[in-house]
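What follows is a short report on a single structure.
Below, each value reflects all heavy atoms present in this structure, side chains not excepted, and no hydrogens, waters or symmetry copies.
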Amino acid sequence: RRAGTGDPDKPALNLLMGGMTGVGKTEIARALAEVLGTGIYIVDCNTLQHSHEIAREIGAPPGYVGHVAEPALAKFIKEHPNGVLLLDEYEKMHSDVQKRLMSLEDSGRFQRPDGQVLDGKQLHILKTSNLGSAELVQFAREGEWTDKQAAQKTFLESARRHPSPAGAPGRGAGRGT
């Protein structure tokens, strides 16, 4: 953004990284936080597969247990407004959580359950995915793995087959964006 690129009404970075386990997607996020000299908050989306698990990360709705507690993500945004948010294995996250995070990804705004809106326009959001990994491993075994375009096509096709959050056509992991 300092170079005059990017939309000032969106997060500083919103990136989806795909690939097999162990290729360094998480390490890229850690390295970015180190280079930026800021904090990193890692959300293991594998633990957010059920809607009732939302409360600890992004907050419970009014009237539910944990409503008064500050969500961990809100605390991170306050303490590290230009931090790195890593959503690890994004495709495994429950669609309710994905829907709640869309405003952060789209407009750099995160609304807590109590209505307070936090500014996340300086956040660096990185999402990792293992979609397509099984197919890529199969290609490698069969000796068909020869170019990056084939890998990209495989990943994007897997992402398109993966369901998007309800009510959000063309969004999230479901459309390869």
Start with the C-alpha distance between D9 and K121, add both sets of side-chain angles, then the distance that settles side chain to side chain contact (heavy atoms under 4.5 Å, CB included), and finish with yes or no.
CA-CA 7 Å; D9 293 326; K121 292 178 184 161; 4.0 Å; yes

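- A donor-acceptor pair shorter than 3.5 Å can be found between the side chains of T38 and N82.
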Under 3.5 Å, side-chain donor or acceptor atoms of residues 16-34 against the rest of the protein: list the pairs with distances, not counting sequence neighbours.
residue : atom : partner : partner atom : Å
K25     : NZ   : G19     : O            : 3.0
K25     : NZ   : M20     : O            : 3.0
K25     : NZ   : N130    : OD1          : 3.2
E27     : OE2  : R30     : NH1          : 2.9

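- Partners of H80 by ring-ring contact (aromatic ring centres under 6.0 Å, His included), not counting sequence neighbours, listed by chain and number: F76.
- When N46, D44, D88, L87 are each tested for a side-chain contact (heavy atoms from CB on, under 4.5 Å) with M93, only one passes: L87.
- Using a 4.5 Å cut-off on side-chain heavy atoms (C-beta onward), L73 and F110 make contact.
- Heavy atoms only, all atoms of each residue included: G108 and P11 are closest at N-CD, 3.8 Å.
- Taking both residues in full, the closest heavy atoms of Y90 and Q98 are given as O-NE2, 3.2 Å, listed atom of the first, atom of the second, then distance.
- With respect to K127 and E91, no salt bridge is recorded, no charged nitrogen being found less than 4.0 Å from a carboxylate O.
- Counting only distance, with no hydrogens or angles, the side chain of K10 and the backbone of S107 share no donor-acceptor pair below 3.5 Å.
- Here L104 contributes atom CG and I77 contributes atom CD1; the two are 5.0 Å apart, rounded to the nearest 0.5 Å.
- Under the side-chain contact (heavy atoms from CB on, under 4.5 Å) rule, H124 has a single partner from I40, L85, V84, N14, which is V84.
- Other residues, nucleotides and ligands contribute more than 12 heavy atoms inside 6.0 Å of the NZ atom of K78.
- Interatomic distance, C45 SG to E89 CD, rounded to the nearest 0.5 Å: 8.0 Å.
- Put simply, CG on L15 and CD1 on I125 are 10.5 Å apart, with the number rounded to the nearest 0.5 Å.
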